[in-house]
There are 2 protein chains.
Amino acid sequence: MTVTRSTRQRDVIARVITQAAGPLAVSEVLAQARADLPTLGLATVYRTLKLLTEQHRIHPVILDGETLYEASGRGHHHHFSCTVCGRVFTLHTCPVALPSGTVYPGGFVVEAHEVTLYGQCPQCASQAAQALSG
Amino acid sequence: MTVTRSTRQRDVIARVITQAAGPLAVSEVLAQARADLPTLGLATVYRTLKLLTEQHRIHPVILDGETLYEASGRGHHHHFSCTVCGRVFTLHTCPVALPSGTVYPGGFVVEAHEVTLYGQCPQCASQAAQALSG
DNA sequence: CTCGTTGCAAATCATTTGCAATAGC
DNA sequence: GCTATTGCAAATGATTTGCAACGAG
């Protein structure tokens with residue numbers, strides 16, 4: 001029976017993801033964690049990401065082929081991907097009403113759902129509006 | 001100015017995707033296309049998939065890290081991923097009402113949306129029900 | 001014929017793994 | 001001190017690209 005040890009790198013990686021506003025790419029996790037641990041290796045990041053995922057403390061979000069990670073336990077939410085600046089935001093309102101157990105037309109028993117919205121984030125939308133009027 | 005030629009491999013690959021009931025993995029496209037063109041190379045499949053995507057004749061669907069391709073122009077639809085058998089189905093009803101241009105809470109201007117449902121497909125759900133009663 | 005396309009093999013990119021050194025407990 | 005963990009480098013798997021032979025117009 002292997003015991004999971006607490007290490008400086010695991011603490012730092014977990015903190016980086018926990019304190020992030022939205023989901024982070026692996027490279028972003030590495031860069032931010034290296035602010036505290038300059039010698040941190042990429043393999044350790046991947047191993048820790050996998051470990052934290054198995055512990056359900058974080059989970060992956062795959063968006064346009066990019067794998068991002070975010071902290072779990074923040075309640076039901078979805079993502080908004082800005083088609084202009086590329087940033088990913090977390091949305092706290094849900095546009096669908098599909099509780100687990102709902103039977104969808106065709107006989108599909110829904111256990112979970114995922115929604116991603118694409119468009120312009122508030123900042124990019126206001127810049128586009130200014131460009132039009134200016 | 002480069003001209004795009006019509007070739008046997010492109011026709012076969014386009015037909016395989018067009019005739020499929022749901023999205024196909026690259027390996028499935030290769031396997032099915034090889035029924036007609038046994039010497040077809042994997043690189044040609046990737047190149048053709050990219051070409052057809054640029055022409056908006058097909059588009060990728062990334063599901064659990066797997067890249068699948070399906071024909072475009074079949075109208076607005078979403079996907080259902082069976083957590084038991086792993087197959088992906090196309091749903092023709094949409095659980096969200098977010099026309100392009102909708103401004104989502106927070107000031108996000110929605111241009112498009114993607115929904116994926118997870119759960120048991122009709123076949124797996126009925127098998128599960130039989131197992132419980134039998 | 002000319003030049004876009006193909007199949008193959010080598011290259012690339014993201015992610016995983018082997019291994020000796022290192023560090024929790 | 002025992003053994004999980006780390007960093008590095010090599011390995012893997014998916015996708016891409018270089019290149020000479022091939023084939024569409």
Side-chain angles (χ1 to χ4, degrees), chain A residues 1-18 20 23-70 81 86 88, chain B residues 1-18 20 23-70 81 86 88:
Chain A
M1 184 79 59
T2 60
V3 176
T4 304
R5 290 181 185 168
S6 163
T7 68
R8 188 143 163 57
Q9 14 287 82
R10 287 180 183 174
D11 292 345
V12 171
I13 292 168
R15 183 169 48 66
V16 164
I17 296 178
T18 303
L24 297 178
V26 177
S27 59
E28 295 174 322
V29 174
L30 178 66
Q32 292 188 33
R34 275 189 172 164
D36 281 334
L37 276 176
T39 62
L40 180 64
L42 179 58
T44 300
V45 174
Y46 276 109
R47 279 188 281 234
T48 302
L49 256 20
K50 178 182 249 185
L51 181 73
L52 293 172
T53 300
E54 285 166 358
Q55 295 174 345
H56 302 291
R57 294 181 53 195
I58 67 175
H59 60 96
V61 180
I62 297 163
L63 231 141
D64 293 311
E66 281 275 295
T67 305
L68 310 174
Y69 286 86
E70 69 181 356
S81 174
V88 176
Chain B
M1 185 78 56
T2 59
V3 176
T4 304
R5 290 180 184 168
S6 164
T7 66
R8 189 143 163 58
Q9 14 286 84
R10 289 181 183 175
D11 293 345
V12 171
I13 292 169
R15 184 170 47 66
V16 164
I17 296 178
T18 303
L24 297 178
V26 177
S27 60
E28 295 172 323
V29 174
L30 178 66
Q32 291 188 32
R34 275 190 172 163
D36 281 333
L37 277 174
T39 62
L40 180 64
L42 179 57
T44 300
V45 174
Y46 277 108
R47 279 188 281 233
T48 303
L49 255 20
K50 179 183 250 185
L51 181 73
L52 293 173
T53 299
E54 285 165 359
Q55 295 175 343
H56 302 290
R57 294 181 53 196
I58 67 174
H59 59 97
V61 180
I62 296 161
L63 230 143
D64 293 313
E66 281 275 296
T67 305
L68 311 174
Y69 286 85
E70 68 180 355
S81 173
V88 175

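Just so you know, these numbers use all the heavy atoms, side chains as well, and skip hydrogens, waters and symmetry mates. Every chain is numbered from 1 and lettered A, B, ... according to where its sequence line falls, protein lines coming before strand lines.
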Original post:
Can you check the A:R5 CZ to D:dT6 C1' distance for me, whole Å?
Top reply: 12 Å
Subject >> Closest listed nucleotide, where the reference is the side chain of B:Q9 and the choices are D:dT6, C:dT6, D:dT15 >> reply: C:dT6
Subject >> Minimal non-hydrogen separation, B:P60 against B:T67, with atom names >> reply: CB-CG2, 4.3 Å
Original post:
When rounded to the nearest 0.5 angstrom, what is the spacing between CZ in A:R8 and CG in A:L40?
Top reply: 10.5 Å
Subject >> Minimum side-chain heavy-atom gap B:I13-B:R10 below 4.5 Å >> reply: no
Original post:
Is the backbone N or O of B:L63 less than 3.5 Å from a side-chain atom of B:E66, with the two atoms forming a donor-acceptor pair by type?
Top reply: no
Subject >> Least distance between heavy atoms, A:V61 atom then A:P23 atom >> reply: CG2-CB, 4.5 Å
Original post:
Going by number, which of residues 32-54 of chain B have a non-hydrogen atom under 4.0 Å from DNA chain C?
Top reply: B:T39, B:L40, B:G41, B:A43, B:T44, B:R47
Original post:
Think A:T7 has a side-chain N or O under 4.0 angstrom from the OP1 or OP2 of D:dT6?
Top reply: yes
Subject >> Rounded distance [0.5 Å steps], CG in B:L49 versus CZ in B:R57 >> reply: 11.5 Å
Original post:
Is DNA chain D part of any stem, that is, at least 3 consecutive Watson-Crick or G-U pairs with both distances under 3.5 Å, and where?
Top reply: C:1-25 with D:1-25
Subject >> Separation of atom CG in A:D64 from atom P in C:dA14, rounded to whole Å >> reply: 15 Å
Original post:
Starting at the 5' end of DNA chain D, which residue's closest nucleotide do you reach first, B:S6 or B:T67?
Top reply: B:T67
Original post:
Heavy-atom distance under 4.5 Å between the side chains of A:L24 and A:V88, does that happen here?
Top reply: no
Original post:
Within the structure, does a side-chain N or O atom of A:R10 lie under 4.0 Å from either OP1 or OP2 of D:dT6?
Top reply: yes
Subject >> Least distance between heavy atoms, B:I62 atom then A:G65 atom >> reply: CD1-N, 3.3 Å
Original post:
How many Å lie between CZ on B:R8 and C1' on C:dG4, as a whole number?
Top reply: 19 Å
Subject >> Distance (rounded to the nearest 0.5 Å) between A:Q55 CD and A:L51 CG >> reply: 4.0 Å
**OP:** Using atom CD1 of B:I62 as one end and atom P of C:dA14 as the other, report the distance to the nearest whole Å.
**Re:** 14 Å
